[in-house]
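Predicted model, so just to flag it, every value in this text is computed and none were measured. Convention: sequence-line order gives letters A, B, ...; per-chain numbering from 1.
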4 protein chains.
Amino acid sequence: MSVSSSGAEPVKWQRRKENRPEEIILAALDLFVEKGYAATRMLDVARQAGVSKGTLYLYFENKEAIFRAAVEQLIVPRISQLEALQQSHQGSYEALIKKMIMGWWQSVWHSRLSVVPKLLISESGNFPELAQYFTEHVVKRVRYIFVQAIEQGIKEKEFIEQDAVTTARLLMAPIIQAAVWKYSFKVFDDEQNPDEYIRQHLHIFLNGIQRKKH
Amino acid sequence: MSVSSSGAEPVKWQRRKENRPEEIILAALDLFVEKGYAATRMLDVARQAGVSKGTLYLYFENKEAIFRAAVEQLIVPRISQLEALQQSHQGSYEALIKKMIMGWWQSVWHSRLSVVPKLLISESGNFPELAQYFTEHVVKRVRYIFVQAIEQGIKEKEFIEQDAVTTARLLMAPIIQAAVWKYSFKVFDDEQNPDEYIRQHLHIFLNGIQRKKH
Amino acid sequence: MSVSSSGAEPVKWQRRKENRPEEIILAALDLFVEKGYAATRMLDVARQAGVSKGTLYLYFENKEAIFRAAVEQLIVPRISQLEALQQSHQGSYEALIKKMIMGWWQSVWHSRLSVVPKLLISESGNFPELAQYFTEHVVKRVRYIFVQAIEQGIKEKEFIEQDAVTTARLLMAPIIQAAVWKYSFKVFDDEQNPDEYIRQHLHIFLNGIQRKKH
Amino acid sequence: MSVSSSGAEPVKWQRRKENRPEEIILAALDLFVEKGYAATRMLDVARQAGVSKGTLYLYFENKEAIFRAAVEQLIVPRISQLEALQQSHQGSYEALIKKMIMGWWQSVWHSRLSVVPKLLISESGNFPELAQYFTEHVVKRVRYIFVQAIEQGIKEKEFIEQDAVTTARLLMAPIIQAAVWKYSFKVFDDEQNPDEYIRQHLHIFLNGIQRKKH
DNA sequence: CATGAATGAGATTTCATTCAT
DNA sequence: AATGAATGAAATCTCATTCAT
């Protein structure tokens, strides 16, 4: 199912030192999202990763270390993409926000990364340091990028006067919400086209904050 | 419910006994939200409710039953309020939506009810039937109320043409998001005024869907 | 086998809060001595004590706590007996030493207490704090009692001039040795009469340190 | 043993290979004494011996085999020294005993051999065959040498009438005790001069068993 | 009814041993 | 011959649930 391109011999004793940590992280992420951290047994993680229980402990000190690694390694690298996008932008701030949201959406929604919000929301109570780390290094950093775009749009008379931080929260809320929903109630809720959802969000939102041209 | 069948004389010191199930539910809710379902020990619930471990089992079959009861008893009654509001409304649909959102917000945000979204998101993987129940009987039902208001606003040329279901999702997303955030990252995230947050959401959102008057 | 005088109904659910800790300690002692600390499984301790695994953890934080309790509660009380004996003595120092050794021997050898030396010797490497505690509060304290008797005997010209501490060590060595042997090699070594062994030790030792009367 | 069958040219850099088993035994001994058998991990043994875990299994079947080898190879050869000493002796039995004890003491105390008593005492419960082997082939054999010396001394009227086996036990007890102590409580107990300890033991003991000359 | 001591299934974690490299 | 990554049995410990009091 997973290993490589050469087909189908289920080898039992495999040495894959290089790839193990990432394989374990991805396996754990799948399960943490599905069952929550506490309900995920190390045996499950091992099976999902195609290794034995003991192997997990060769690469991670304990269950919590896997959790931390999953969050940190997956998310943080993505943010710089966003920052780069902002700095190289030319044109209206409406166009910048559209571009950033759509880019973020593409890279997050369709990747395994989209599970992280749900995971952190679920486990924030049990891992306060991790929740704090996430708040400081991800939430606020991403929000700041949008805050800047909004503030500059206000200064340039493109957007109406408003509190930029609250507006940035409102810009992000439906996206985070969608990611959380995907892993919580999607199977029971009616199908919807996520791309259309975002498109419409941007439409209403940008329409809502723009200074009306008379 | 059982002791004195001649419901006339409400003896004070019996109240406690009568309220036991609710006290247990509230205690459990607090803990489920704080630590998650799996990490909450029955001993903790007992202590928080001021009873012994054994007593829990006099009122509930097991841990899961407490969880189900908590969700069902807290949420469902509130929805009919919303439905009543809609049916009695007179005036613009913008005003109706404002009224409903603010009413919902008041009754949810400032009550213990606000923990339910976070709780269900966290535990949906472990309690699929409950997640389904919640999706069908709460999410969709509430959404339907807003869908109707939006659709009628479109028909009356008050709002622009758009997919009402998606729009309803976008209307609700920041509110649910706020409730989830409150119990996940609020302590680490910067303070914000929740009432101002909702006010601004309504402002941008309604501004964004209104048909521009020229 | 153990519970009480009323005969033979092996009850399954027994509440014995008062006696449990001591029962567990004694059970653990038996096994620690037989197999060593590390090789003794908590399940074994539970079975030996006639309780379940979980019950152990109601009374002791972990395996090490049982070990510590066993050592501390059994040994320390006995020492004061010895000190009392010394202070009330009248007569020759030879007689005092005889009396103390025989008394100590009686109370230690024929009781479960005799296992402690072997146990501490075996586990000293893994429980250095416990070994230190034992050295300070038991070994040195007991030795000091004998050192005093010997020094006074020297002063009174009853015994020959010699280093009293070394002599006290030599007085105690065969006794400790016997206790250790009992739990290590006794089953394989030839039977011997322990009372005769001590009697002869005292005979040779006291004969060896006495000032020769001409 | 295997490589160069023409045993003439002892190549230096092959030595290491040839000595592997002994190096492993010595490494294991150090650790067994410090931590006990069960608490000693094969990884520790490997590291201490400067080899990898897998290599241990090239030379020994399993952990127990290392333990057995350690005991057997270290102890047994020393006994014949003692027997030779006895057979070649001329002079008083007091002098013979002094010579044997001092010789034994020298070769045991100041060598790694001194750890064996503590080790066997600690692990006798887990390795009964080994304990039996030790009792039969070491303890009794050594004791027999001393028993003979004592019995002959009695016959020659050098020593007083007494049970020679018990006396031999008492002669050996302080020495074994000292070796055990060295690896159990020495670091916490006060310093003492071991040579002085033995000298004084011989003094008291021999003084105690000698027939008084009038 | 209420209690909390007692239970035991099941979780995490360790480490002797195996075997691909 | 040597390595050390990988294995999995078995240990400690937790906690939902039961039941004597």
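- Between D/R20 and the phosphate of F/dA1, there is no side-chain N or O to OP1/OP2 separation shorter than 4.0 Å.
- At least one donor-acceptor pair under 3.5 Å links the side chain of C/E123 to the backbone N or O of C/Y37.
- A donor-acceptor pair is defined here as one N or O able to donate and one able to accept, closer than 3.5 Å; such a pair exists between the side chain of C/S122 and the backbone of C/K118.
- Under the 3.5 Å distance criterion, the side-chain polar atoms of A/S184 are left unmatched by any main-chain donor or acceptor of B/S124.
- In a base pair of the Watson-Crick type (N1 to N3 plus N6-O4 or O6-N4) or a G-U wobble (N1-O2 and O6-N3), with each distance short of 3.5 Å, F/dT21 is matched with E/dA2.
- Remark: P of F/dA16 and NZ of B/K35 are 11 Å apart, rounded to the nearest angstrom.
- When rounded to the nearest whole Å, the span between CG of A/L58 and P of E/dT13 equals 14 Å.
- B/L56 has its CG atom 10 Å from the P atom of E/dT3, to the nearest Å.
- To the nearest angstrom, C1' of F/dT7 lies 13 Å from CD1 of A/I24.
- Counting non-hydrogen atoms of neighbouring residues, nucleotides and ligands closer than 6.0 angstrom, the CD atom of D/E129 exceeds 12 such neighbours.
- Spacing between atom OH of A/Y59 and atom P of E/dT13 amounts to 18 Å, rounded to whole angstrom units.
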message: Within the 4.0 Å limit for protein heavy atoms, which parts of nucleotides 14-21 of chain E are touched? Write it as a string from 5' to 3', B for base, S for sugar-phosphate only, - for none.
response: BSSBBSBS

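- F/dT12 atom P lies 14 Å from atom CZ of C/F67, rounded to whole Å.
- Looking at heavy atoms from C-beta onward, C/K63 lies out of side-chain contact with C/L56 at the 4.5 angstrom threshold.
- When the shell of 6.0 Å around CD of A/E22 is examined, it contains 12 or fewer heavy atoms from other residues, nucleotides or ligands.
- At the heavy-atom level, B/F60 lies nowhere under 4.0 Å from the strands shown.
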